[in-house]
Amino acid sequence: MSNSPPDGEGASDGKRSATIQSVSIAARFLTILANAEEPLALGTLARRAGTGGSTAHRYVQSLVKEGLAKQDSVSGFYDLGPLALSVGIAALKRTDAVEIAARHMKALANRIAASAGVAIWTERGPTLVRWYRSAYFSISSLALGDILPLDNTACGLVFQAFLAPNHIDVARRLQPDYFRGTPPSSETLARIRQSRGAELTGHLLPEITGQAVPVFDAQQELVCVMTTVTNLGRTGDRADREALFETARAVARETGGDASFA
């Protein structure tokens, strides 16, 4: 009776590494197909993957056999298969953009001199559902559950830039008078849509800078807004701004949303 272990168990490091490498190469071809704007020829796949034609053919045909890729019978070009699409849809259903954004904002608050949070849209306007105080900065009086003004916060401006006007009108009527400021111009909202972010200093709190960026889902719909409140004396700090935008890009990579942040 053989005492050989099952495949993958008790295998040598070389065999285990070879198995992992095979999965990595297959994943490389899948990623190329996923990022392509159209079906690809075998030669194009091989070139983008950095492999030879025979290697590309072997791996892609294996993906076709498993339903992860498909080959057009006329052109011979390759595209994602039905199983890959099913896996992608299942992953999207499990993606919680708010939780992803919250995880990244918590890490950001630990790195820079800014408190950081995540706001969702309610009928009364932007509402903080996550709020993390910076270890370096705790002057902000904001707290979990707070509703933010539409016109006097960077967060409110970002929501105005990406939500339908009727949603904004409802919230504006429900917000108290002391929340209200001058509604942003169409030019201001256009700039926010182009740059994917907003910044205001001294509007909500004296000498405090608020910054905000949107979070989109895979259907490019606004899910929430990530916002920071920056320390006194650091208003307009380019490093803090870039840290927030890099966080937004990281979140977009996980949610499948728009990552075109300026």
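Owing to the predicted nature of the structure, the values given are computational and were not obtained by experimental measurement.
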Scan side-chain atoms only and decide if Thr201 and Thr209 contain a donor-acceptor pair under the 3.5 Å cut-off.
-> yes
Judged by atom type as modelled, is there a donor-acceptor pair below 3.5 Å linking the side chain of Arg28 to the main-chain atoms of Ala49?
-> yes
Is there a donor-acceptor contact under 3.5 Å from the side chain of Arg130 to the main chain of Val118?
-> no
Main-chain N/O of Phe179 paired to Asn152 side chain as donor or acceptor, under 3.5 Å | yes
Could you tell me which non-hydrogen atom of Ser115 sits nearest to which non-hydrogen atom of Trp131, and how far apart they are?
-> CB-CZ2, 3.5 Å
Looking at Val251 and Ala101, what are the two nearest heavy atoms and their distance?
-> CG2-CA, 4.0 Å
Determine, for Arg241 against Glu246, whether the closest basic-nitrogen to carboxylate-oxygen distance falls under 4.0 angstrom.
-> no
Flag the pair Leu45 / Phe29 as yes when at least one side-chain heavy-atom distance between them is below 4.5 Å, and no otherwise.
-> yes
Taking atom types as modelled and ignoring hydrogens, do the side chains of Thr188 and Arg191 form a donor-acceptor contact shorter than 3.5 angstrom?
-> yes
Contacts table for residues 55-71: side-chain donor-acceptor under 3.5 angstrom, sequence neighbours left out:
from  : atom 1 : to    : atom 2 : distance (Å)
Gln61 : NE2    : Gln71 : OE1    : 3.3
Gln61 : NE2    : Tyr78 : OH     : 2.7
Ser62 : OG     : Arg58 : O      : 3.0
Gln71 : NE2    : Gly76 : O      : 3.1
Gln71 : NE2    : Tyr78 : OH     : 3.2

Would a distance-only check, ignoring hydrogens and angles, find a side-chain to backbone donor-acceptor pair under 3.5 Å from Thr227 to Gln211?
-> yes
So, Thr122 side chain and Ile120 main chain: donor-acceptor pair closer than 3.5 Å or not?
-> no
Salt-bridged, Asp177 to Arg180, with N to O below 4.0 Å?
-> yes
Thr31 side-chain N/O to Ala27 backbone N/O, donor-acceptor pair under 3.5 Å = yes
For residues Gly117 and Met105, report the shortest heavy-atom separation together with the two atoms involved.
-> O-CE, 3.6 Å
Carboxylate-amine/guanidinium proximity below 4.0 Å for Glu187 and Arg193 | no
Hydrophobic cluster (4.5 angstrom, side-chain heavy atoms) - remaining members for Leu144 = none
Cluster overlap Ile32 with Leu83, hydrophobic side-chain contacts below 4.5 Å | yes
For the student: nearest non-hydrogen atoms of Val158 and Gly197, plus distance | CG2-C, 4.4 Å
Between Tyr132 and Ala109, what is the shortest heavy-atom contact and its length?
-> O-CB, 3.8 Å
For residues Phe162 and Arg196, determine if any side-chain heavy atom of one lies less than 4.5 Å from a side-chain heavy atom of the other.
-> yes
Between Glu123 and His167, is any side-chain donor less than 3.5 angstrom from a side-chain acceptor?
-> no
Hey, does the side chain of Ser75 reach the backbone of Phe77 with a donor-acceptor pair shorter than 3.5 angstrom?
-> yes
Close side-chain approach of Leu150 to Pro126, heavy-atom, < 4.5 Å = yes
Do Asp151 and Pro184 touch side chain to side chain, with heavy atoms closer than 4.5 Å?
-> yes
Does the Thr255 side chain pair with the main chain of Phe216, one donor and one acceptor, at a distance under 3.5 Å?
-> yes
May I have the step-by-step check of salt bridge (charged side-chain N to carboxylate O under 4.0 Å, His left out) for Glu242 and Arg249, ending in yes or no?
-> CA-CA 10 Å; Glu242 180 53 35; Arg249 296 183 192 102; 2.8 Å; yes
